[in-house]
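Contents: one structure, followed by commentary.
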There are 2 protein chains.
Amino acid sequence: MSVHQRKERERADRERLIVATARELAEQQGWDAVTTRRLAERIEYSQPVLYSHFRGKREIIGAVALEGAAEMAAAVRTAASAADGPRSRVAALARAYLDFAQRNPAVYDAMFQLDGGLAFAHEDTPEPLKDAFAALLESLGGVAGDGVHPGLFTEVFWAALHGLATLTRAGRLPPEHTEWRVELLVDRLAIV
Amino acid sequence: MSVHQRKERERADRERLIVATARELAEQQGWDAVTTRRLAERIEYSQPVLYSHFRGKREIIGAVALEGAAEMAAAVRTAASAADGPRSRVAALARAYLDFAQRNPAVYDAMFQLDGGLAFAHEDTPEPLKDAFAALLESLGGVAGDGVHPGLFTEVFWAALHGLATLTRAGRLPPEHTEWRVELLVDRLAIV
DNA sequence: AGGGAATTCTAGCACTGCTAGACAATCGAG
DNA sequence: CTCGATTGTCTAGCAGTGCTAGAATTCCCT
């Protein structure tokens, strides 16, 4: 019985190793460099081992995305709770969001840019994704303004942050005045 | 002399055919289905012909993106000029933008999601891209509000639209209340 | 009509995600 | 402690990708 448990533990360890290695490789050299061969070589197993843990590359991306969602939710909550007053809390949330996207570009891609095979906006959406949205809602729901549905407001605010994050990182927006853009966004959208 | 001209004309025709076919194929079956082999087969030439017109697949995507940028600029200008009053003009612009993204998903991907090898926010940015931004600026610069740089305001508004477009299309936002989101965005961001 | 230049195609490289089937390690029963 | 069976892992390969060298063809001009 104990042998079986040990094996399961080792298997779970290896699965975590795969996800962590994929993430590391993606952050270092981009997702294009994350091939099944390179990934297998880095974890010191052969390719087919990957397929005994995940259905395919897409599911590995999905696993990185879920990990990232949990971290982002935590980062956003931490930043929001450290601020006082609704205005500065929203601003802190926005900065934390953009900061996370900039510091973990590959993870952010896994979450929103690539196909990780994850369902969104359904009841079968994985818990970490729903929780990440909930983390935004907690701080944003209160500044939606009268008669505006908190969820809808959060969606719009989130979309704006997402747009800033992706356009900036893709070189579509000059990276200089990021802080001013955040200020403008918070000042206009949030009703304090 | 005239023979040479005819050849150049035919060559230009073929180049347009390549771009149009790539776009068509991408809209029909997604960019993943646009392989050099399939594309070559559809234009009834062999693969290497593609490389006598473009450096590679990336440049073909870039060509589709430029075509799309020109069309989007036109669509935005048309919608804006048909509206009266700054408020409804901004709303019309926003709807036109999101409408374009929804109706031409592959083109929108070529412009903003994929790597078309295009430079942004530099002086060597291709003209159609600069003009598309200019089209937004024309209608948005006037509602930036006192003391807010029109270009910066346009960037933020654009980012918000881009976020809505991508998150909606990727299934990250439920497609229902799109119109409400637009209303909220325009009401809050634009100062009329 | 035929030499020369421009154009196009055939065939192939190194790579991708993924998998069937051969092989090796491990476990439980006698 | 040994042996058969099960589990786990690897080797080798498939069909596909973007891209290119060099052969083959077509076309133009004298």
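Chain naming here is simple, since letters A, B, ... match the order of the sequence lines and numbering starts at 1 in each.
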- request: Mind checking the NZ-OH spacing from B:Lys57 to B:Tyr51? Nearest 0.5 Å is all I need.
  value: 9.0 Å
task: Establish whether the base of C:dC9 is bridged to the side chain of B:Gln47 by a donor-acceptor pair shorter than 3.5 Å.
output: no
field: Smallest separation among heavy atoms of B:Ala83 and B:Arg89, with atom names
entry: CB-CA, 3.7 Å
Angle by which the axis turns from one end of the helix from C:dA1-D:dT30 to C:dG30-D:dC1 to the other, five pairs per end, to 10 degrees: 20°
field: DNA chain D contacts among residues 21-32 of chain A, heavy-atom distance under 4.0 Å
entry: none
- prompt: Hey, does the side chain of A:Ser139 reach the backbone of A:Leu136 with a donor-acceptor pair shorter than 3.5 angstrom?
  reply: no
task: Taking only the side-chain nitrogens and oxygens of B:Thr36, find out if one of them lies under 4.0 Å from OP1 or OP2 of D:dC19.
output: no
- prompt: What is the distance, rounded to the nearest whole Å, between atom CZ of A:Arg11 and atom P of D:dT9?
  reply: 8 Å
A:Glu44: side chain to side chain donor-acceptor pair (under 3.5 Å) partners, not counting sequence neighbours: none
field: Residues in salt bridge (Lys or Arg N to Asp or Glu O under 4.0 Å) contact with B:Asp13, at least two apart in sequence or another chain
entry: B:Arg16
Side-chain (A:Thr168) to main-chain (A:Ala165) donor-acceptor, under 3.5 angstrom: no
query: Can you say whether the rings of A:Tyr108 and A:Phe112 are parallel (under 30°), tilted (30 to 60°) or perpendicular (over 60°)?
result: perpendicular
task: For A:Glu15, enumerate each residue passing the salt bridge (Lys or Arg N to Asp or Glu O under 4.0 Å) test, keeping only those at least two apart in sequence or located in another chain.
output: none
message: Which residue is it: B:Arg172, B:Arg181, B:His177? I am looking for the one with a side-chain hydrogen bond (donor to acceptor under 3.5 Å, both in side chains) to A:Glu155.
response: B:Arg181
query: Can you name the side chain to side chain donor-acceptor pair (under 3.5 Å) partners of B:Thr36, sequence neighbours left out?
result: B:Gln47
query: Which residues in residues 37-45 of chain A have at least one heavy atom lying under 4.0 Å from any atom of DNA chain C?
result: A:Arg37, A:Arg38
Please output the side-chain donor-acceptor pairs of residues 66-78 of chain B that fall under 3.5 Å, not counting sequence neighbours, one pair per line with the distance.
from: B:Glu67; atom 1: OE2; to: B:Arg23; atom 2: NH1; distance (Å): 2.8
from: B:Glu71; atom 1: OE1; to: B:Arg23; atom 2: NH2; distance (Å): 3.0
from: B:Glu71; atom 1: OE2; to: B:Arg23; atom 2: NH1; distance (Å): 2.7
from: B:Arg77; atom 1: NE; to: B:Glu138; atom 2: OE1; distance (Å): 3.0
from: B:Arg77; atom 1: NE; to: B:Glu138; atom 2: OE2; distance (Å): 3.2
from: B:Arg77; atom 1: NH1; to: B:Asp131; atom 2: OD2; distance (Å): 3.1
from: B:Arg77; atom 1: NH2; to: B:Asp131; atom 2: OD1; distance (Å): 3.0
from: B:Arg77; atom 1: NH2; to: B:Glu138; atom 2: OE2; distance (Å): 2.8
from: B:Thr78; atom 1: OG1; to: B:Ala74; atom 2: O; distance (Å): 2.8

message: Show, in sequence, the C-alpha distance, side-chain angles and deciding distance for A:Arg87 and A:Glu183, and conclude whether the salt bridge (charged side-chain N to carboxylate O under 4.0 Å, His left out) test is met.
response: CA-CA 10 Å; A:Arg87 164 67 171 77; A:Glu183 293 285 333; 2.9 Å; yes
task: Tell me which residues in residues 48-68 of chain A put a heavy atom below 4.0 Å from DNA chain D, sorted by number, or none.
output: A:Pro48, A:Val49
query: Applying the 4.5 Å side-chain criterion to the ILVMFWY set and letting contacts propagate, would A:Val34 and A:Phe54 be lumped into a single cluster?
result: yes
query: Hey, does A:Thr35 reach any base, or is it just sugar-phosphate, or nothing, if we go heavy atoms under 4.0 Å?
result: sugar-phosphate
query: So which of residues 105-114 of chain A are in contact with DNA chain D, with a heavy-atom cut-off of under 4.0 Å?
result: none
- request: Identify, with sequence neighbours excluded, every residue that meets salt bridge (Lys or Arg N to Asp or Glu O under 4.0 Å) alongside B:Arg55.
  value: B:Glu59
- prompt: Which residues pass the salt bridge (Lys or Arg N to Asp or Glu O under 4.0 Å) test with B:Arg103, sequence neighbours left out?
  reply: B:Asp99
